Structures are given as C-alpha cells and as structure tokens.
Amino acid sequence: MRQVEIGHAMMRQRSRNAQAPGSARVSRLHPLERAASIPCLFQKVRFFDDGREDYAPQRRLLAMVPRRDSRRELAESSPVRGCMVIRPYGFALWEAIRDGLDRRFKATGHVNAYFPLFIPMSYLAREAEHVDGFAKECAVVTHHRLIAGPDGGLVPDPEAKLEEPLVVRPTSETIIGSSFSNWVQSYRDLPLLINQWANVVRWELRTRPFLRTTEFLWQEGHTAHATEAEAVEETLRMLDVYADFAINDAAIPVIKGRKSARERFAGAVDTYAIEAMMGNGWALQAGTSHYLGTNFAKAFDIQYLDRENIKQYCHTTSWGLSTRMVGAAIMAHGDDQGLRLPPVMAPIQAVIVPIWRKDPERVLVMEHAAKVKAALEAAGVRVKLDTRDDVSPGYKFNDWEMRGVPVRVEIGPRDVEGDAVVLGRRDVPGKEGKQFGIPAAQVGEAVCNLLVEIQAGLLRQATEFRDANTRSVSSYDAFRQLIDGDGGFIRVHWAGSDEDEDTIKEETKATIRCFPEGAEEGEGVCFYTGKRTTQVALFARAY
RNA sequence: CGGGGCGUAGCGCAGCCUGGUUAGCGCGCCUGAUUUGGGAUCAGGAGGUCGGAGGUUCGAAUCCUCUCGCCCCGACCA
C-alpha cells in the first residue's frame, strides 16, 4: 500500500509542472483503436486514410499480415448483441486481475460467497434511487418454459408465466441485502465482509469490447458495519486496494477520488472511484467503492442489537471492479505494434524463440532451450517455449510482440555455442531493446531483473503520459478550447451546482471524473462560477 | 428510438451506377519443395445458397419492393 502513496505524491508533484512544452500529445484516436487491437474489435477497420489505396504506414504491416488476428486472440464478437466471447488469452488477463484482487480481499479479511443470478423484481424496487438507476437497463425473465410456436419455432409458454418476473442481476445489493438481514442479529456478527465473483447484465445501448459490454464479469464486495465511521473506513480501504492493484499489478497510475452527485452510484451516500487515463486522453473509471449509509439496511431490514440491547441499522458498503480492467490494461499500455502487458499481469512473462536451420542444429538448439526454460521456471518466471516449426523466427518475434509478452528469449546456434541467450524487451523497440550474450547460467536472474524494470517502466510511461496530459484552466473558454483540442484531464477549482455540471456535460461532453483525494489544499477561483473554493475537480471525457 | 453506412470465401475487400460465359483480388487455410538471427519464396489446391423473401427480365451479386442483421454518430451507462 506504500506504493499507492508514492504514486499519489508523484501525481501531485507532476501535475503542478505538467505543462512542459513538447510533451506527448494526445492523439484523437488511439492507435489501438484504429488498427491493432481490442477497442476496434467489433468495428470494421479502415486502413485507407482517404478511402482509397493509400495505406497509413504504421498500419500497413498489420493490414497486410493478419495471419493470426491479434484482436481475436483476446475476445471476439458473439451471436448475442453487445456480448463477447472471451478467448483463453483474454481470459488469462482477467484471471490475473481476479487472482491479484482475491489475494488482497482475503488479506483484508473478506470471504467469498455466491448469490443468485436472478433477483425478484420487487427487490429492486425497494430502494427508490436504486430502481431509478437500474430500471432502464434490466433483462427480465418472465417465463419458465418454451413450447412449439405457430411457425415451427419456439415461443414462451403462456401457461408458464412467472408470478413475479425475475431480473437478471445488474448488481446484487438487493438480494445480498435480504441475506444480510438474516445473517445479522447482533453487534457480534459485525462487520460482515463478503465478496462474490459473478457475471452481471446491464442492457447498455452502446457497447465496446471489454470497456462496456452487456454482460460482464466482475467482483462485488458487500459489507455491513455497526457504525458510519467503520463503513466509510471500509469504503476507503477497498478503494486503496483497487488503487494498489491498478498501480502495482496493472501498472496503471490511477487517481483516487470521490464522485460528484451526478456520477454517484444509485442508492449510495458517497461513491469513490479510481480513474485512469487511456491512450487517447479519455478517462476510464476502473473501479468503484460505495458507502451506502443505511439506505439498503432500511430497505432490507439489516439490523443488529447493540451492547445496550438497542436495535440499530447497519451501515453498508459495496465495491466492484470488472472485466473493464482488462480493457484498461490494454488501452493504457498498448502501442502501434499491439499489446504491452505489465509483467505482473502477463499470462506469459517470457517467451523462448528457438532459431535453427537444419536438423542437427535444431536438436542442439532445442536442448539448450529446454535447459533455459527449466532455469526460468525455477526462477519463478511464467515462460513459454515456442516450438512451432511452421513459422519463421521473425514471424514469432512479431507475433509475441503483438500479444504483449514482456520479455523474449532468443536462442540460436550461436547462443548454444556460447552457452548464452539473447534477451529482448517488449517496451523498447528494435535492437536497442536487445541484450546479447547473456550467460545461460544467469538467465533466471537477468529475466527477473528485466521484468521488474519493465513493470516499473510501463507505470512510469503511463504516469508521464497522464501528467503531460493533465492541465489546469481558470476560465470556461479555456476549458472548452482544451477539451476540443488536446483533451486529457483538466484540473480545476470547482464550486458549481449539479445543474452547472449538466450544462458543461451537454456543451463539452466532459464530466467531473472525481474530486481527487488530497487535492483540497489551497483556495482558488472556480473556473465556471467564479466563486472562491478549496474544492478541486478533475474533468475529462470518459468512456 | 433518431441520423448515416454496410451485408459477396475464415478475415479484409472489388464487382453493382451502365444486367450477359464458370463471380474476382489480397491475407489466411491445405500439399510439396526450397527456406529459417525481425512478419520467407515458388508451384499446386480446397473453400461461395453474393444476408433472406418476392418481383422485373430470355438472363439478376447488379434493377425494384419488402424483410432481417450488423456497424458508426446521438440520447443512457461500470
């Protein structure tokens, strides 16, 4: 958790002198979005700049050599609108997220459980704000049987209509609340610290692979506490856990903050989030943590007897992080050549590419490669030996680059002879990223050092990019100019109303992403209302 | 739901305006040979109800009508 603090200290320092001229510009369209990878998964990719035969140079290779389409390595579209098939390599990224978080949840005293996919419709209606927030995007189950239809197809049997429709969970506060009311009797039952790994469905009108899909995977933590202070502490603790994961595992320098009333979770007293900047300067809410007050406790009768034998309502929290984080990791680090995975998350941390010409060479190289592989495994590296004999070494280099594998180990006849290997790093392109003649005996240590360096390097690059694209303005004119120009995060003093926020959203498509934690120091003038205030808001266009 | 666009081989597309042998091209896929330290080359091959239905015509991927689906922009959202 210490590194979270460091990350935020760095953030504060950098954003003060972030306007360095010549710093990296936000392109309107992230390269990944245009060509190589995930975000364009369901789009047709146009390689023509003016509709005709001119290939944009950087996309030429990807356009001409899509032997294995890197986009489809991760996920692909499905017969169901807005839903995707997550393929093994993409799912491995989710598994890395899942494992990294689950470990942290357990370390903070939480246990896993599972609640039903279906929620009685009446449950959703019990918390007024909650219904308003979710009613518009619910899938509803109304029948439990199919019969042959008039045209030979199947239709729901009218005889098999459910008395009460079931809602496919868009989130589980209500059904978990009903369990909690049974589980909690006494102050001795508290705090109740539960997490569930599940799928949820939100009938979004507009979907994007990983970033917003109709069905998605997530974890939702739900906790009940005796006091407001404890519940708020829990809310912030889990926000810290998310930030710790994002920064140290995913190498994404997120900003922790409180959401504005307009962006708050339906039914929450306060919502906190981690906000990340994507490669195109847009913000992405990568995880949220809510203090729910006694709203759900009252709706679902979650009460306990305190030491004085007096009934009290619990204060509850909920917090969630989804497969959207997979998209965040891809978008935050990817470049024109494809993915760049942070080593901590990478399903394959190092890939060995053997190089040979004729058969006797092949045997020697493979022998050496197997030895190196064993050494790397012994050093705790997730390593793969690419034994394919139907593609060239050069093809393999590019193939694994596209897939974002952090370290490549090249082994050819010359390396066998010198009992050495060549190391290449994904984050430094071309020959500069290669180290020649690493003794085989030291390969474990060398690769581990490289992985640590790459992990830090990706976080550093992402942080520098974010800070270079975080700016302050003091007038609405300047704000609008910036949003339509370079984009990125805009840090301002803010004393506006909810309606002011709506107006700004309407006029600029930018929203308050959060009131960043620890940014209240120093009074200033609100860029919109001109009032003096100590409150600082972070605006951006968001996914 | 409003505005735009697109459905032709596994993927990306041309052909349609101006109807006419057996519907093409690139990539991928299969076989063989030569290759292999940064996306190999050559030769041969497989693969299509041209989204669907109806109509016009001697003849429809092409023209007309209807329909289904998808994508982009907008309203909504993690």
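So that the names make sense, note that chain A is the first sequence line, chain B the second, and so on, each numbered from 1. Heavy-atom basis, side chains included; hydrogens, waters and symmetry copies ignored. A quick note: this is a predicted structure, and the numbers were derived from the prediction, not measured.
- In this structure, the nucleotide among B/rG38, B/rG37, B/rC77 sitting nearest to the side chain of A/Asp415 is B/rG37.
- Considering only the side chain of A/Ser392, B/rA40 comes nearest among B/rA40, B/rG37, B/rU36.
- Distances were taken from every side-chain heavy atom of A/Phe397 (C-beta onward) to each of B/rG38, B/rA40, B/rU36; the shortest belongs to B/rG38.
- Using atom C1' as the reference point in both B/rG45 and B/rC63, the two lie 37 Å apart (nearest Å).
- Nucleotides B/rG15 and B/rG7, compared at atom C1', are 15 Å apart to the nearest Å.
- Residues A/Met238 and A/Thr108 form a side-chain contact, since some pair of their non-hydrogen atoms from C-beta on lies under 4.5 Å apart.
- Across all strands shown, A/Thr288 has no heavy atoms under 4.0 Å from either base or sugar-phosphate atoms.
- Using a 4.0 Å heavy-atom distance criterion, A/Asp389 is classed as making no nucleic acid contact.
- Between B/rG74, B/rU36, B/rC76, one nucleotide has an atom nearer to the side chain of A/Pro393 than all others, and that is B/rU36.
- In the interface, the side chain of A/Arg212 is paired with the base of B/rC77 through a donor and an acceptor atom under 3.5 Å apart.
- As the counterpart of B/rU31, B/rA43 is assigned, both hydrogen-bonding distances of the Watson-Crick or G-U wobble pattern falling under 3.5 Å.
- Checked by distance alone, A/Arg408 brings a side-chain donor or acceptor within 3.5 Å of a matching partner on the base of B/rG38.
- When each of B/rU36, B/rG74, B/rC77 is scored by its nearest atom to the side-chain atoms of A/Ile355, the top-ranked nucleotide is B/rU36.
- Of the candidates B/rG37, B/rU36, B/rG74, the closest approach to any side-chain atom of A/Trp356 belongs to B/rU36.
- As judged by a 4.0 angstrom heavy-atom cut-off over every strand, A/Phe216 is placed among the base-contacting residues.
- Out of B/rU36, B/rC77, B/rC71, the shortest distance to the side chain of A/Arg81 is found at B/rC71.
- With B/rC77, B/rG37, B/rU36 as the choices, the nucleotide that has an atom nearest any side-chain atom of A/Arg414 turns out to be B/rG37.
- Checked options A/His290, A/His130, A/His222; the residue passing with A/Phe296 is A/His130 (criterion: ring pair (Phe, Tyr, Trp, His ring centres under 6.0 Å)).
- Pairing of B/rG54, defined by two Watson-Crick or G-U wobble distances under 3.5 Å, is identified with B/rC64.
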Identify every side-chain donor-acceptor pair in residues 421-435 of chain A under 3.5 Å, counting partners at least two apart or on other chains, and give the distances.
| unit_1 | atom_1 | unit_2 | atom_2 | d |
| --- | --- | --- | --- | --- |
| A/Arg425 | NE | A/Asp427 | OD1 | 2.8 |
| A/Arg425 | NH1 | A/Glu453 | OE1 | 2.8 |
| A/Arg425 | NH2 | A/Asp427 | OD1 | 3.4 |
| A/Arg425 | NH2 | A/Asp427 | OD2 | 2.8 |
| A/Arg426 | NE | A/Leu339 | O | 3.0 |
| A/Arg426 | NE | A/Glu401 | O | 2.8 |
| A/Arg426 | NH1 | A/Asp335 | OD2 | 3.2 |
| A/Arg426 | NH2 | A/Asp335 | OD1 | 2.9 |
| A/Arg426 | NH2 | A/Leu339 | O | 2.8 |
| A/Lys434 | NZ | A/Glu410 | OE1 | 3.2 |
| A/Lys434 | NZ | A/Glu410 | OE2 | 2.9 |

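- Remark: the A/Asp399 side chain and the B/rG39 base include no donor-acceptor N/O pair separated by less than 3.5 Å.
- In the model, A/Lys384 has no side-chain atom that pairs as donor or acceptor with a side-chain atom of A/Gln349 under 3.5 Å.
- Geometrically, A/Arg87 does not engage A/Tyr89 in a cation-pi contact, judged by NZ or CZ lying under 6.0 Å from the ring centre and within 45° of the ring axis.
- Counting non-hydrogen atoms under 4.0 angstrom, A/Gln285 reaches the backbone sugars and phosphates but no base.
- As rounded to whole Å, 15 Å separates atom P of B/rG37 from atom CD of A/Glu401.
- Pair assignment for B/rG48: none, as no Watson-Crick or G-U wobble contacts are both less than 3.5 Å.
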Sequence neighbours excluded and cut-off under 3.5 Å, please list the side-chain donor-acceptor pairs for residues 355-372 of chain A, or say none.
| unit_1 | atom_1 | unit_2 | atom_2 | d |
| --- | --- | --- | --- | --- |
| A/Glu361 | OE1 | A/Arg357 | N | 2.6 |
| A/His368 | NE2 | A/Ala420 | O | 3.0 |

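- Nucleic acid contact for A/Lys434: base, since at least one base atom lies under 4.0 Å from a heavy atom of the residue.
- Atom CZ in A/Arg388 sits roughly 16 Å away from atom P in B/rG38 (whole-Å rounding).
- No contact: A/Val353 has no heavy atom under 4.0 Å from any strand.
- B/rC6: Watson-Crick or G-U partner is B/rG69, with both key distances under 3.5 Å.
- Side-chain contact annotation: A/Glu173 with A/Ser318, donor-acceptor N/O pair under 3.5 Å present.
- Closest to the side chain of A/Arg206, from the set B/rC77, B/rG37, B/rC73, is B/rC73.
- The nearest whole Å value for the distance from the CG atom in A/Leu423 to the P atom in B/rG37 is 19 Å.
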